Amino acid sequence: MGLLGSTTTVAAQTGRKLNNSLTLEFKTSATDTLATAVQKGSAAVLLGFKNGGAGSYAIGSDSGGLAVTCATSRTTAADRSGHVIGWIEKDEAGDGVVRRADGAVVARVVGHPEDQRKDATWSYALVEPSGAPLGRLTWMRTATTFDLVGEVVDTSIWWDRAGAPLKVPSLGIHLALDHPVDAATGDLLLALCVDVSLGSHSFTRA
């Protein structure tokens with residue numbers, strides 16, 4: 001079973017460890033943590049010069065782990081044994097495409113309108129390969145979105161802790177699916193959350 005399991009709603013807040021590594025804590029309620037993503041350390045991270053973007057992140061939980069390597073061209077996700085399970089990339093229209101390792105598309109991310117780039121919150125529609133709705137990904141870019149997240153799921157206990165010693169690339173992300181997904185798709189959607197919140201990709205279309 002993948003890290004997401006049968007869960008359909010997850011909120012994740014960005015933070016930092018004492019060594020300045022970025023973190024993304026996935027929660028299903030104010031007290032229940034599903035998994036935590038941690039930026040892999042380097043001298044630039046330790047000194048506070050590396051603030052997200054291209055790089056490596058590890059997602060860990062009691063049920064397993066993923067290695068997420070974020071890059072502008074393609075973000076890849078691999079299991080603990082190093083086998084690639086899939087990747088995320090941007091198509092010519094500016095949308096996101098999530099693929100399994102065999103190349104099959106498991107989800108598409110509809111890009112945020114280009115003329116609304118300054119919005120505090122970017123809400124991405126997620127669709128299945130058939131075009132049917134799959135859910136929504138809401139990216140919180142500033143503190144003005146805390147109330148929005150509170151309306152979606154009870155996150156008030158952890159979302160009100162906004163302070164951080166150093167700037168973070170975003171406040172976090174909220175994943176809401178219309179139905180449970182298979183293990184590989186769930187893992188890739190968690191990798192997508194890391195990619196958008198901390199990594200290399202944002203998706204816009206004209």
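Computed from a prediction, not measured in an experiment: that's the story for all the values here.
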- [ ] Kindly indicate whether the side chain of Leu137, heavy atoms from C-beta on, has any atom under 4.5 Å from the side chain of Cys193.
- [x] yes
Task: 4.5 Å side-chain heavy-atom contact, Thr9 and Leu177 - done: no
Open item on the list: Between Ser73 and Glu89, is the side chain to side chain contact (heavy atoms under 4.5 Å, CB included) condition met? List the steps.
Closed with: CA-CA 7 Å; Ser73 57; Glu89 56 194 358; over 6 Å; no
- [ ] Show your working on side chain to side chain contact (heavy atoms under 4.5 Å, CB included) between Leu134 and Asp178 and close with a plain yes or no.
- [x] CA-CA 6 Å; Leu134 176 59; Asp178 294 348; 5.7 Å; no
Open item on the list: If I compare all heavy atoms of Leu24 with all of Gly172, which pair ends up nearest, and what's the gap?
Closed with: CD1-CA, 4.4 Å
Open item on the list: Just verifying a value: how many Å separate Thr75 OG1 and Asp195 CG, rounded to the nearest 0.5 Å?
Closed with: 3.5 Å
TODO: Work out which heavy atom in Ala183 is nearest to a heavy atom in Gly2; give both atom names and the distance.
DONE: CB-N, 3.3 Å
Task: Non-hydrogen atoms of Val194 and Phe26 that approach each other most closely - done: CG2-CZ, 4.1 Å
TODO: Name the orientation class of the two ring planes belonging to Tyr124 and Trp122 (parallel below 30°, tilted from 30 to 60°, perpendicular beyond 60°).
DONE: perpendicular
Open item on the list: Once rounded to the nearest 0.5 Å, what's the spacing between atom CG of Asp115 and atom OG1 of Thr204?
Closed with: 10.0 Å
Task: Distance in Å, Thr23 OG1 paired with Leu198 CG, rounded so as to fall on 0.5 Å steps - done: 8.0 Å
- [ ] Mind listing the closest non-hydrogen atom pair of Leu34 and Thr28 along with its distance?
- [x] CB-CG2, 4.2 Å
Task: NE2 (His179) with more than 12 external heavy atoms under 6.0 Å - done: yes
TODO: Answer whether the closest heavy-atom distance between the side chains of Ser202 and Trp139 falls below 4.5 Å.
DONE: yes
- [ ] First locate atom CG of Asp79, then atom CD1 of Ile59, and finally report the distance between them rounded to the nearest 0.5 Å.
- [x] 12.5 Å
- [ ] Starting from the C-alpha separation in whole Å, work towards a yes-or-no answer on side chain to side chain contact (heavy atoms under 4.5 Å, CB included) for Leu175 and Leu189.
- [x] CA-CA 8 Å; Leu175 173 66; Leu189 290 176; 4.3 Å; yes
Open item on the list: Is any side-chain heavy atom of Val97 closer than 4.5 Å to one of Val105?
Closed with: yes
Open item on the list: Both conditions, 6.0 Å and 45 degrees, for the charged tip of Arg74 above the ring of Trp87: are they met here?
Closed with: yes
Open item on the list: When you group the ILVMFWY residues by side-chain heavy-atom contacts below 4.5 Å and let the links chain together, are Leu22 and Val38 in the same group?
Closed with: no
- [ ] Please round to the nearest 0.5 Å and tell me the distance separating atom CE of Met140 and atom OG of Ser197.
- [x] 7.5 Å
TODO: Mark yes or no for whether His201, through its side chain, and Thr72, through its backbone, hold a donor-acceptor pair below 3.5 Å.
DONE: yes
Open item on the list: Strictly below 4.0 Å, N to O, side chains only: are Arg108 and Glu128 in salt-bridge contact?
Closed with: no
Task: Pair Thr121-Asp119, side-chain donor/acceptor within less than 3.5 Å - done: no
Open item on the list: If you compare all heavy atoms of Gly199 against all heavy atoms of Cys70, which two are closest, and at what distance to 0.1 Å?
Closed with: CA-SG, 3.8 Å
TODO: Could you pull out the closest heavy-atom pair between Gly186 and Leu4, with the gap in Å?
DONE: CA-CD2, 3.8 Å
Open item on the list: In the structure I gave you, are the side-chain heavy atoms of Thr14 and Leu171 within less than 4.5 Å of one another anywhere?
Closed with: no
Task: Pairwise distance CG(Leu188) to CG(Leu66) - rounded to 0.5 angstrom - done: 8.0 Å
Open item on the list: Whether Arg205 and Asp95 form a salt bridge (side-chain N of Lys/Arg under 4.0 Å from carboxylate O of Asp/Glu) is what I want to check.
Closed with: yes
Open item on the list: Would Ile85 and Arg100 count as a side chain to side chain contact (heavy atoms under 4.5 Å, CB included) here? Give the steps.
Closed with: CA-CA 6 Å; Ile85 62 170; Arg100 289 197 314 252; over 6 Å; no
TODO: Consider only side-chain N and O atoms of Glu25 and Thr36, and report whether a donor and an acceptor are under 3.5 Å apart.
DONE: no
